[in-house]
Structure formats: structure tokens, C-alpha cells
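These notes concern the structure reproduced below.
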Amino acid sequence: MCYHTRLTAKADAIEKSSGASFDEPDTYKPTAEYNGFATPATPVIRFDDRKKILMYEWGLIADWVKTASDAKKARINCLNARIEELDEKASYKRKTGNRCLVAMDGMYEWQWESPGDKKSKKTRYLVTRPDNAVFLCAGLFNEWHNRETGIITYCYTIVTTQGNELMKEIHNNGERMLVVLSPEEYDAWLDPKNEHLAFADRSHIELKAVQM
DNA sequence: CCAGACGTTGTT
DNA sequence: GTCTGG
DNA sequence: CCAGACGTTGTT
DNA sequence: GTCTGG
């Protein structure tokens, strides 16, 4: 789960709901589905540049990765980061202060007919806010330096936690969810002084799911 | 001590 | 680069 | 994700 | 029953 998102809102709607402005508006196009495995560039906001919306690539590349081909493999496993283990994982533990917000207006999830049976049927759901508005998720970013080319890749991972009531029901074969933030939590997440574990409980987040 | 991992739990 | 499992 | 472990490093 | 190593 947590590897397929949507951002169909126009640029001005994203700006309005996030309180930041696109640095280069032409680089953003509304997108019905972002596939994490394709490491697309999507809008994010960094803690140290709160008023700017930047296009960063989904799939964090850790500092210790040496080559572009290693990066390609490694980052696919860094599309999500478990909030419970941020302090323990080599790829994240020194980046827990690199907070960012990841914009989206939907997440795709697959519900299994019989959880546990890999062959059972799956139904796709689009999970959104009840009003379908843009929301921001908790993320961590990195600037990866390619030693061979000197090129910097700006990239991020999205933090996950235990699924809340609705998400456990939809994502019944894993029961996790992205750390969707309420608007009141946006700035709190961006402040690295705030314990990240304080954002693990998502039971207060209201979402709805429609089959599609 | 040193080799090997370093991540997630997913593919429409 | 740093951690850790064997 | 699921199979397999689930404990200690002490004793003449 | 729950944790964890592969």
C-alpha cells in the first residue's frame, strides 16, 4: 500500500491549502495517479523553506548510496518509512529532522477479498478527505549527491503508521496508512523539535473511500 | 571481527 | 558512512 | 509476509 | 500469543 497517490487539484488550490507557492509552476501538472515505483516528481514543502512548493522525487536515496544504479534499486524500498522505526533505520535515523509535507488529494488502496490469500481478488479504492480537498502527509527529504556526475537528486519518503479505523478496513492486508496530517498539524510536523512519534496516532483523521 | 545490509510489505 | 548478524 | 522461535552466556 | 529473521 501507500505507493499510489493522486493529485488532481490545480496549482492554485494546492497553494491555497498549503500556505505556500510553487517555485516553478510550470513543472506541476495535475495527475490522476502517481505510481511511487516510477519515482515521479511531486509537490513538497520543506521545513526550512516553508513558503515554497518544490517538485521532489518520490523515493528517498540514502547518503550511503554510491551509484545511480544502486540508487534506483535502493530508493524503491524507501517510498515509505515506518514512523515507529525512524530512529533505528540507517537510511532515516540521521534524516528525522529533514521534515517535509507531501501534497495529494487521494490515495489508492487495494482491499483483499480474503486477506492473507495472495490469490484472492482485490478491489481498488480511492481514499480522500470527505470534502475531496488537498491534504498534506508527513515526509522526510534528502539531497543525494551522485559522486560520478556531481548531480543532486532531491527526493523524499512518506511516513507511514498503523492504519486508523477506515484504513484498516480498506488496507486489510497490511493495515498501514500514510501519516495524513490535519491542517492544524502541518507546521507542527515541520518543526523537527516535535517528537515524530506524536504523529503516529491517526484515529482523528477523517477520510472516505470510494471504489474505483 | 568483518561482510553485508541499509527498506517495505505493494504492481493496474 | 554506520550498523548488525553470523 | 510468514515460518519458526520464544533463553542464557552462570555451576566446584 | 507475539516477535523476528529471512
Side-chain angles (χ1 to χ4, degrees), chain A residues 1-8 31-40 42 56-100 102 104 106-128 137-148 150 152-164 166-180 196-197 199-200 202 207 209-212:
Chain A
M1 76 158 279
C2 316
Y3 300 143
H4 300 264
T5 63
R6 180 179 88 145
L7 185 54
T8 51
T31 305
E33 181 171 353
Y34 283 128
N35 174 6
F37 295 103
T39 64
T42 82
Y56 274 32
E57 293 177 16
W58 192 359
L60 186 142
I61 308 171
D63 291 334
W64 48 265
V65 174
K66 291 198 178 64
T67 66
S69 80
D70 284 349
K72 197 173 178 182
K73 282 177 256 166
R75 70 189 309 189
I76 292 303
N77 290 315
C78 296
L79 297 172
N80 292 161
R82 297 175 66 90
I83 198 166
E84 303 89 338
E85 295 167 14
L86 291 185
D87 290 326
E88 293 149 31
K89 300 296 183 179
S91 297
Y92 305 137
K93 61 192 304 178
R94 282 172 194 77
K95 300 293 166 188
T96 58
N98 276 8
R99 308 269 178 96
C100 67
V102 183
M104 61 190 76
M107 311 171 277
Y108 294 101
E109 286 303 339
W110 283 260
Q111 185 177 51
W112 296 59
E113 197 166 275
S114 42
D117 176 7
K118 288 205 162 194
K119 294 194 180 75
S120 90
K121 261 194 197 144
K122 283 173 290 183
T123 308
R124 188 168 93 147
Y125 285 87
L126 174 65
V127 180
T128 64
C137 290
L140 297 177
F141 68 88
N142 197 21
E143 298 181 1
W144 181 69
H145 294 250
N146 183 321
R147 295 156 170 73
E148 295 162 331
I152 296 175
T153 299
Y154 297 90
C155 50
Y156 70 88
T157 183
I158 311 179
V159 177
T160 66
T161 189
Q162 184 178 47
N164 65 14
L166 174 74
M167 294 304 282
K168 273 187 189 161
E169 197 182 317
I170 305 285
H171 186 215
N172 58 354
N173 193 32
E175 303 175 357
R176 299 201 53 88
M177 69 179 285
L178 299 181
V179 174
V180 176
H196 55 257
L197 274 179
F199 299 86
R202 296 293 95 195
L207 299 166
V210 296
Q211 205 174 318
M212 61 179 286

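Chain naming here is simple, since letters A, B, ... match the order of the sequence lines and numbering starts at 1 in each. Quick caveat, the model's predicted, so the values are computed rather than measured.
The same atom, C1', is picked in B/dC6 and in D/dG4; the two are 25 Å apart, to the nearest Å. Nucleotides D/dG7 and E/dC3 place their P atoms 12 Å apart, quoted to the nearest Å. Spacing between D/dC1 and B/dT11 at atom C1', rounded to whole Å, works out to 16 Å. When the P atom is used for both D/dA5 and B/dA5, the distance is 23 Å, rounded to whole Å. When the P atom is compared between E/dT2 and B/dT12, the two are found 32 Å apart, to the nearest whole Å.
Looking at the side chain of A/K122, the nearest of the listed nucleotides C/dC3, B/dT12, B/dT9 is B/dT12. Checked against B/dT9, B/dT12, B/dT11, the side chain of A/R176 finds its nearest nucleotide in B/dT9.
Note on A/K93: every side-chain N or O is 4.0 Å or more away from OP1 and OP2 of C/dT2. Look at A/R124 and you won't find any side-chain N or O under 4.0 angstrom from OP1 or OP2 of B/dT11.
Applying the salt bridge (charged side-chain N to carboxylate O under 4.0 Å, His left out) test between A/D63 and each of A/R94, A/K95, A/R147 identifies A/K95 as the sole match.
The side chain to side chain donor-acceptor pair (under 3.5 Å) check on A/T8 picks up A/D105, with sequence neighbours excluded. Take A/Y56 and apply the ring pair (Phe, Tyr, Trp, His ring centres under 6.0 Å) test, not counting sequence neighbours, and it matches A/Y154. Among residues two or more places apart in sequence or in another chain, the side-chain contact (heavy atoms from CB on, under 4.5 Å) test is passed with A/K93 by none. Partners of A/A138 under the side-chain contact (heavy atoms from CB on, under 4.5 Å) rule, at least two apart in sequence or in another chain, are A/V159, A/V179, A/L181, A/W189.
In this structure, A/A81 reaches the sugar-phosphate backbone alone: every heavy-atom distance under 4.0 Å involves primed, P, OP1 or OP2 atoms, never a base.
Nucleotide D/dC6 has E/dG1 as its partner under the Watson-Crick or G-U criteria, with both atom distances under 3.5 Å.
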Just the atom pairs and distances: protein N or O near nucleotides 2-6 of chain B's N or O, under 3.5 Å.
| residue | atom | partner | partner atom | Å |
| --- | --- | --- | --- | --- |
| B/dC6 | O3' | A/S91 | OG | 3.3 |

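Within 6.0 Å of CD in A/E33 there are more than 12 heavy atoms belonging to other residues, nucleotides or ligands.
Rounded to a whole Å, the CE atom of A/M177 is 17 Å from the C1' atom of B/dT9.
Residues in residues 66-75 of chain A take part in these salt bridge (charged side-chain N to carboxylate O under 4.0 Å, His left out) pairs, two or more places apart or across chains: A/E57-A/R75.
The base of B/dT11 does not come close enough to the side chain of A/H4 for any donor and acceptor atom to sit less than 3.5 Å apart.
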